[in-house]
K.L.:
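Provided herewith is a single structure, encoded as structure tokens, for subsequent inquiry.
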Amino acid sequence: NFNTWEEHREEVFDFYSNRRKDMLSAKPNEAHLIIARLQQKFGTNRVKIFTQNGDNLLEQAGAIEVCHLHGNIMELRCVSCNNWFAPIEEYSSKVACPVCQSEKKVKPGVAFFNEDCPNYDDLFLFKKQVNPQDIVIVVGTSFNVIAIERFLPQSRRASKLNYQINIAPEHDDWFGKNIKMSASSGFSSLHKEIELLMECSIVSHFMLSITNLIEKINSKTQELKSSS
């Protein structure tokens, strides 16, 4: 709990230090690898990754840019100056903030109950920016922490480009395709379809750009003829 963690600081660090050790021995699964490959292939502007998990498995898999909505257990946060940093040698209550030198105000980088999650702003911005041609894939969430209405607009409800991969799908009326599989199995069955859709989107965008250019040339040509 963010309101009481400082009172139990040693116990908090002991707990998260053990969780971090577990994470260091964990390896990315097929879903992590496929997501990372999609971002590598199509770029961070086209493939946005949001995760509620506090591990770094997506980064291990090769993801270039990941928005950790609830923080990252591999990092520490100084609540005094709001500096986030990765400890160089140890992950303990003795590590001081490299910016303000505070020690007692440094906490594990995962979000506690009652703690603000600033990266939610990026998710809400996504809701405003998502368009009808975008592909949205939601994986393995119950929507208990973040309701679906908070990151998808009503205009995207039941879109054919909304995918859910979940052994027990939730709010399936929001999705054009609900895949009742684990994350790894679901992505393995889906990734070729997603790649094809994204490649077609690139061609469509290119053709639209060419069409617009031709229209501008024709318009300019007509103007020149009229003026002559």
Side-chain angles (χ1 to χ4, degrees), residues 1-29 31-33 35-36 39-40 44 47-129 137-152 166 170 183-184:
N1 190 309
F2 189 68
N3 297 326
T4 60
W5 74 273
E6 290 180 86
E7 300 171 17
H8 310 280
R9 193 164 177 273
E10 292 296 332
E11 293 93 329
V12 166
F13 265 93
D14 285 344
F15 176 81
Y16 282 102
S17 179
N18 289 328
R19 301 292 79 73
R20 184 174 181 269
K21 289 174 183 176
D22 293 339
M23 287 297 101
L24 289 172
S25 62
K27 299 299 179 185
N29 62 28
H32 297 121
L33 295 169
I35 293 169
Q39 191 176 66
Q40 291 169 2
T44 57
V47 179
K48 303 289 185 183
I49 303 174
F50 298 91
T51 180
Q52 297 183 75
N53 296 334
D55 56 54
N56 70 339
L57 294 176
L58 283 161
E59 287 88 348
Q60 282 190 50
I64 304 164
E65 186 176 288
V66 181
C67 180
H68 287 271
L69 296 171
H70 298 142
N72 188 341
I73 199 170
M74 308 309 291
E75 297 180 343
L76 297 174
R77 178 196 171 201
C78 175
V79 299
S80 180
C81 67
N82 200 36
N83 177 47
W84 295 76
F85 63 99
I88 297 173
E89 295 181 357
E90 60 177 343
Y91 189 96
S92 75
S93 61
K94 306 302 180 185
V95 176
C97 172
V99 173
C100 71
Q101 308 307 315
S102 172
E103 182 180 295
K104 292 185 178 180
K105 292 295 183 179
V106 171
K107 64 176 287 292
V110 294
F112 295 165
F113 287 110
N114 298 314
E115 182 176 4
D116 289 337
C117 296
N119 286 343
Y120 275 23
D121 291 342
D122 294 329
L123 188 65
F124 301 151
L125 179 62
F126 166 81
K127 178 180 178 179
K128 293 179 180 179
Q129 294 178 338
I137 307 173
V138 180
V139 186
T141 182
S142 63
F143 305 103
N144 289 331
V145 177
I146 305 176
I148 191 168
E149 295 87 352
R150 298 188 73 188
F151 64 88
L152 276 182
N166 201 331
E170 300 281 349
S184 290

K.L.:
Parallel under 30°, tilted from 30 to 60°, perpendicular over 60°: which one fits the rings of W5 and F112?
P.N.:
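W5 and F112: perpendicular rings.
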K.L.:
Determine the minimum heavy-atom distance between Q40 and G62, stating which atoms define it.
P.N.:
NE2-O, 2.9 Å
K.L.:
Looking at CG of N56 and CD of Q60, how far apart are the two atoms once the value is rounded to the nearest 0.5 Å?
P.N.:
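Here the rounded value is 4.5 Å.
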K.L.:
Rounded to the nearest 0.5 Å, how far does CD of Q101 lie from OG of S80?
P.N.:
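Result: 11.0 Å between the selected atoms.
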K.L.:
N166 versus V139: any side-chain heavy-atom pair under 4.5 Å?
P.N.:
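SC-SC contact between N166 and V139 ruled out.
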K.L.:
Tell me, please, whether F126 has K48 positioned over its six-membered ring: NZ or CZ under 6.0 Å from the ring centre and within 45 degrees of its axis?
P.N.:
no
K.L.:
For salt bridge (Lys or Arg N to Asp or Glu O under 4.0 Å), just list the numbers for E149 and K127, CA-CA rounded to whole Å, side-chain angles, deciding distance to a tenth of an Å, and then say yes or no.
P.N.:
CA-CA 9 Å; E149 295 87 352; K127 178 180 178 179; over 6 Å; no
K.L.:
Which atoms form the tightest heavy-atom contact between E103 and K94, and what is the distance?
P.N.:
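Looking at all heavy atoms of both residues, the closest pair is OE1-O, 3.3 Å.
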K.L.:
Of the non-hydrogen atoms in Y91 and P108, which two are nearest, and what is the gap between them?
P.N.:
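That would be OH-CB, 3.1 Å.
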K.L.:
Evaluate N3 against F113 for side-chain contact (heavy atoms from CB on, under 4.5 Å), listing each step before the verdict.
P.N.:
CA-CA 8 Å; N3 297 326; F113 287 110; over 6 Å; no
K.L.:
Would K107 and E115 satisfy salt bridge (Lys or Arg N to Asp or Glu O under 4.0 Å), going step by step from the backbone distance to the final call?
P.N.:
CA-CA 12 Å; K107 64 176 287 292; E115 182 176 4; 3.1 Å; yes
K.L.:
What's the separation between atom CG in D122 and atom SG in C67, rounded to the nearest 0.5 Å?
P.N.:
4.5 Å
K.L.:
For D22 and S25, which heavy atoms make the closest approach, and how far apart are they?
P.N.:
O-OG, 2.8 Å
K.L.:
I'd like to know whether F143 forms a side-chain contact (heavy atoms from CB on, under 4.5 Å) with V138, so could you lay out the CA-CA distance, the side-chain angles of the two residues, the decisive distance to 0.1 Å, and finally the verdict.
P.N.:
CA-CA 10 Å; F143 305 103; V138 180; 3.8 Å; yes
K.L.:
Specify the closest pair of heavy atoms between A63 and V66, including all atoms of both residues, with the distance to one decimal.
P.N.:
CB-CG2, 3.7 Å
K.L.:
Would you indicate whether K104, at its atom NZ, is surrounded by more than 12 heavy atoms from other residues, nucleotides or ligands within a distance under 6.0 Å?
P.N.:
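Not more than 12 within 6.0 Å, no.
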K.L.:
Are the side chains of C117 and L69 in touch, meaning some heavy atoms are under 4.5 Å apart?
P.N.:
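No, every pair of side-chain atoms sits at 4.5 Å or beyond.
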K.L.:
Do K105 and C97 come within less than 4.5 Å of each other through their side chains, counting heavy atoms only?
P.N.:
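Side-chain contact under 4.5 Å: no.
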K.L.:
I want to check something: taking the side chain as every heavy atom from C-beta on, are C100 and C78 in contact at a cut-off of under 4.5 Å?
P.N.:
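Yes, close enough: below the 4.5 Å cut-off.
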K.L.:
Report yes if the side chains of H32 and K27 come closer than 4.5 Å at any heavy-atom pair, otherwise no.
P.N.:
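No; the side chains remain at least 4.5 Å from each other.
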K.L.:
Go through Q52 and T141 one step at a time and tell me if the side chain to side chain donor-acceptor pair (under 3.5 Å) criterion holds.
P.N.:
CA-CA 9 Å; Q52 297 183 75; T141 182; 3.3 Å; yes
K.L.:
Are there over 12 heavy-atom neighbours, none belonging to N114, within less than 6.0 Å of that residue's CG?
P.N.:
yes
K.L.:
Say you draw a straight line from CG of N72 to CZ of R77; how long is it, rounded to the nearest 0.5 Å?
P.N.:
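That separation rounds to 14.0 Å.
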K.L.:
Keeping D116 on the side-chain end and P118 on the backbone end, is there a donor-acceptor pair under 3.5 Å?
P.N.:
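It does not hold such a pair.
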K.L.:
Check whether any side-chain heavy atom of F124 sits under 4.5 Å from a side-chain heavy atom of R150, and report yes or no.
P.N.:
yes
K.L.:
If you measure from CG on L152 to CG on L123, what distance do you get to the nearest 0.5 Å?
P.N.:
8.5 Å
K.L.:
Quick check for you: to the nearest 0.5 Å, what is the distance between R9 atom CZ and D14 atom CG?
P.N.:
11.0 Å
K.L.:
Between L76 and W84, is a side-chain contact (heavy atoms from CB on, under 4.5 Å) present by the stated rule, with each step listed?
P.N.:
CA-CA 6 Å; L76 297 174; W84 295 76; over 6 Å; no
K.L.:
Are V95 and F85 side-chain neighbours, meaning at least one heavy-atom pair lies under 4.5 Å?
P.N.:
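Yes - at least one pair of side-chain heavy atoms lies under 4.5 Å apart.
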K.L.:
Quick one, M74 and L24 - any side-chain contact, counting heavy atoms below 4.5 Å?
P.N.:
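Heavy-atom side-chain distance check passes, below 4.5 Å.
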K.L.:
Please step through side chain to side chain donor-acceptor pair (under 3.5 Å) for the pair E170 and S142, ending with a clear verdict.
P.N.:
CA-CA 6 Å; E170 300 281 349; S142 63; over 6 Å; no
K.L.:
Hey, does the Lys NZ or Arg CZ of R19 hover above the aromatic six-ring of F15, less than 6.0 Å from the centre and inside 45° of the axis?
P.N.:
yes
K.L.:
What do the steps show when you test Q39 against T44 for side-chain contact (heavy atoms from CB on, under 4.5 Å), and what is the final call?
P.N.:
CA-CA 6 Å; Q39 191 176 66; T44 57; 3.9 Å; yes
K.L.:
Indicate the atoms forming the closest heavy-atom contact of N119 with H68, along with that distance.
P.N.:
ND2-O, 2.8 Å
